Structures are given as C-alpha cells and as structure tokens.
Amino acid sequence: MGCRFTYNPGWKIKGTQIMRKGLVRMLSDIHQQAVLNAPKKSRALINSGRFKMESGLKGNVTFGGGDVPYAKRREYENKLHPSTRFYLKRAGQSVQSKADSYFTDKM
C-alpha cells in the first residue's frame, strides 16, 4: 500500500498569511497591555506607542520618539512611578504566556 503526496505552492503563501495575521494580533495585544502598564500622568508616553510589521515575519512595538525622549528611561529607571517600570517588558511577558492562541487559524 502506498501513499502519494503532492506539494501545493499555495500552502506556503497561505501559511505565511496565517502567521502574519497572528503576529499582528500579538503585537496589537502587546501594545494594548503596555498602554495599560505605562505611566499615565501626561499621556504623552501612552500616545507615542505604536506597532509595525516589517518584511517577512518580523514586527516591533515601540514607545517614544521626538515628543517623548524619556520613554526608554521610564521603562528602566522610573523613579516617579516605580510600579510602572518595565511597562513594555511586562506586556510582552503577559502576551507570551498565551502565544499559541494567536496562531490557531486553519489552512
């Protein structure tokens, strides 16, 4: 008894689309969680947050920029609001625990 398998090039495209969709959902949740964790005094830090998909299966969540040069400092050495330190790191860790749920679409 034999088995025959035929590769379909469309599977690779569909698989990549599913992975990108799951990654976008994951980045969005990391951003939302980081907004909840971040200091809220001036809201400038919260408003500076964004996520971006890059080529392939890469993406990033960033906070800061021209209007908020202190974003990195608030992440690592927040003396004003010590309970909000690592707002971005904690967001990534909370989403990491449920990472499998983002990639459940079927081919």
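Bear in mind that the values here come from a model prediction, so they are computed numbers and not experimental data.
The structure places CZ of R73 at 9.0 Å from CG of L80, a figure rounded to the nearest 0.5 Å. Here the straight-line distance linking atom NZ of K72 with atom CD of E77 works out to 10.5 Å at 0.5 Å rounding. Note that CG of D29 and OG of S101 are 8.0 Å apart. Values are rounded to the nearest 0.5 Å.
Although no hydrogens or angles enter the test, the distance criterion places a donor-acceptor pair under 3.5 Å between the side chain of R50 and the main chain of S48. Between the side chain of K40 and the backbone N or O of A38, at least one donor-acceptor pair lies under 3.5 Å. The closest donor-acceptor contact from the side chain of R74 to the backbone of K79 lies at 3.5 Å or more, if one exists at all. The closest donor-acceptor contact from the side chain of R90 to the backbone of Q33 lies at 3.5 Å or more, if one exists at all.
Using a 4.5 Å heavy-atom cutoff, the side chains of I30 and L88 are in contact. For the pair Q17 and I13, the minimum side-chain heavy-atom distance is below 4.5 Å. Counting heavy atoms from C-beta outward, V24 and M53 have side chains that approach closer than 4.5 Å.
Annotation for A34 and A91: closest pair N-CB, 3.4 Å, computed over non-hydrogen atoms. Nearest heavy-atom pair across T84 and P39 is OG1-CG, 3.4 Å. What you find for L45 and F63 is that their closest heavy atoms are O-CD2, 3.3 Å.
Residues L23 and F51 share a hydrophobic cluster, clusters being chains of Ile/Leu/Val/Met/Phe/Trp/Tyr side chains in contact below 4.5 Å. Linking Ile, Leu, Val, Met, Phe, Trp and Tyr whenever their side-chain heavy atoms come within less than 4.5 Å puts L57 and M26 in one cluster. Linking ILVMFWY residues whenever their side-chain heavy atoms come closer than 4.5 Å, directly or via other members, places L27 and I46 in the same cluster.
Between Y76 and F86, the two ring planes are perpendicular [angle over 60°; tilted spans 30° to 60°].
Surrounding CG of D67 are at most 12 heavy atoms belonging to other residues, nucleotides or ligands under 6.0 Å away.
Between the side chains of N78 and Y87, no donor-acceptor pair is found at a separation under 3.5 Å.
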